[in-house]
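Working notes, structure below.
Because only heavy atoms are used, hydrogens play no part in the values below, and waters and symmetry mates are left out as well, while side chains stay in. Numbered from 1 within each chain, the chains take letters A, B, ... in sequence-line order.
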Protein chains: 2
Amino acid sequence: MARLENLTERGYETQKQLGNALMELIIEKGYEKVSIKDLTERAGIDRTTFYLHFKDKDDLFTKSQIATINELVELRRTEAGPKPGVLLVFRHMSQNAKLYQAIFRTSGLVPGSASLEQYIANSIMPLLESELSRFGVSPPLHMPAIASYISGALRSLARWWLEAGMPQSPEEISELFIRLTTKGLLSLVETR
Amino acid sequence: MARLENLTERGYETQKQLGNALMELIIEKGYEKVSIKDLTERAGIDRTTFYLHFKDKDDLFTKSQIATINELVELRRTEAGPKPGVLLVFRHMSQNAKLYQAIFRTSGLVPGSASLEQYIANSIMPLLESELSRFGVSPPLHMPAIASYISGALRSLARWWLEAGMPQSPEEISELFIRLTTKGLLSLVETR
DNA sequence: CTTCTACTTGACATTGCGTTGATTTCATGA
DNA sequence: TCATGAAATCAACGCAATGTCAAGTAGAAG
């Protein structure tokens, strides 16, 4: 988890431990079954200390997601170039597998939080438009429908990939994704 | 909600009311924020009565999902034919919008429950194989990855469609889905 | 009218939540 | 090295939701 605020090293450490504990427990028993008590016991930290840092469970989870998004945004800003954006996303996922798994398992669960899901969906629309303009075409109708389709597909493919233990490289899986998205299923069967 | 057990008309009625109340409240405030008290007050039923019918909130939700799946399975069994399976799914969603919305918002939230998500994902694999064999091709590599991709796309598109108030007909939206899935994005821009 | 099922009422122990005030640990820089 | 302030602990509190139970009531079917 990326740094959330300006804190001493000690304070930062406990926040990190709480974040890690939450992700582990989400994977083990599901978001809503995780109590603050579970969380702080796992992290080896007093329950009251939790409330010094976070308002509640949602708060911790939301902030963890935001920290992750910021990391990803930064990555895409600095490593911009000919590489497709999707590849960077899969790379980042492979490096933060536990966290992304926890996020995927909870889906749009935490209400009103700026979720990673949301971020991906929002990122796809302009990205889609710019890609399409390279083909000299204006965006098709049903744009939001298509953006939903694609972001859902990405989320689900990524989730499968992580939970299966990443049997393909980030390059291979993003290549598969791009292919399915642009040319569809038929492109796969034709080439065999 | 379809009938769950053999009950008198009266008993069935309260189960239906509890199911409806849960779906409404999920949409309003999110699954985990719904208390049994909320639920029974909304349904106009005493809190203890809830426990006569269901073990807990997860139990009610799971049984509602199973009932829905059974309905859908039955629909596909009886209305089999030249119609694509996806169209039947979208039709059923349009007729049970509130319930499907509630399900989509909770995603894989309720652990260990036979979820609709799971059902869709599982249904897609054999369906995919049979469709592909009509083209005379054997299933491609990465089959589970592709099944994840497609079921995630379907889920996300359907969710968007329901929450946007179903601006397209079931026919149109399933046509869009099939097109994106088989031929990809490029097929859309080429034809304009 | 009786009988069975479904529902209500009121009460209870238990658990987790979120907060408070007093105290202790710990790093650090004067 | 020791004083200072930030971070963590400890004990205790009221509150709300959970799940359960025993006793009593309403309603439908024979």
Rounded to whole Å, please give me the gap between [atom1] in [X] and [atom2] in [N].
X	N	atom1	atom2	answer
B:E32	D:dT18	CD	P	13 Å
B:Q17	C:dA6	CD	C1'	13 Å
B:K37	D:dC15	NZ	P	14 Å
A:F54	C:dT19	CZ	P	15 Å
B:L60	D:dT18	CG	P	13 Å
B:L52	C:dT8	CG	P	9 Å
B:Q15	C:dT5	CD	C1'	13 Å
A:K33	D:dT18	NZ	C1'	13 Å

Go through the structure and list residues passing salt bridge (Lys or Arg N to Asp or Glu O under 4.0 Å) with [X], not counting sequence neighbours.
X	answer
B:E28	B:R42
A:E172	none
A:K98	A:E24

Given protein heavy atoms under 4.0 Å, the one-letter contact record of nucleotides 19-30 of chain D, with B base, S sugar-phosphate only and - none, is simply BBB---------

Answer yes if the ring centres of B:W160 and A:Y149 are under 6.0 angstrom apart, and no otherwise.
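Centroid distance B:W160-A:Y149: not below 6.0 Å, so no.
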
Nearest 0.5 angstrom please: B:I150 CD1 to B:L154 CG, how far?
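Atom-to-atom, B:I150:CD1 and B:L154:CG are 9.5 Å apart.
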
For DNA chain C, determine which residues of residues 38-46 of chain A have any heavy atom closer than 4.0 angstrom to one of its atoms, and list them numerically.
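DNA chain C contact set from residues 38-46 of chain A: none.
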
Using OP1 and OP2 only, check whether a side-chain N or O of A:T49 sits under 4.0 Å from D:dA7.
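So the side chain of A:T49 is outside the cut-off, no N or O lying under 4.0 Å from OP1 or OP2 of D:dA7.
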
Any side-chain N or O of A:H53 less than 4.0 Å from the OP1 or OP2 oxygen of D:dA8?
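Yes, such a contact exists.
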
Please evaluate residues B:D46 and B:T49 with respect to the criterion side chain to side chain donor-acceptor pair (under 3.5 Å), reporting the C-alpha separation (whole Å), side-chain torsions for both, the decisive distance (0.1 Å), and the verdict.
CA-CA 5 Å; B:D46 194 82; B:T49 306; 4.7 Å; no

Taking the side chain from A:R155 and the backbone from A:F104, do they hold a donor-acceptor pair closer than 3.5 Å?
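Side chain of A:R155 to backbone of A:F104, a donor-acceptor pair under 3.5 Å: yes, one is there.
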
Let's go through A:T62 and A:D59 carefully: what are the C-alpha distance in whole Å and the side-chain angles of both, what is the deciding distance for side chain to side chain donor-acceptor pair (under 3.5 Å) to 0.1 Å, and is it a yes or a no?
CA-CA 5 Å; A:T62 303; A:D59 187 39; 5.8 Å; no

For A:H92, all residues meeting ring pair (Phe, Tyr, Trp, His ring centres under 6.0 Å), sequence neighbours excluded:
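Partners of A:H92 under the ring pair (Phe, Tyr, Trp, His ring centres under 6.0 Å) test: A:Y100.
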
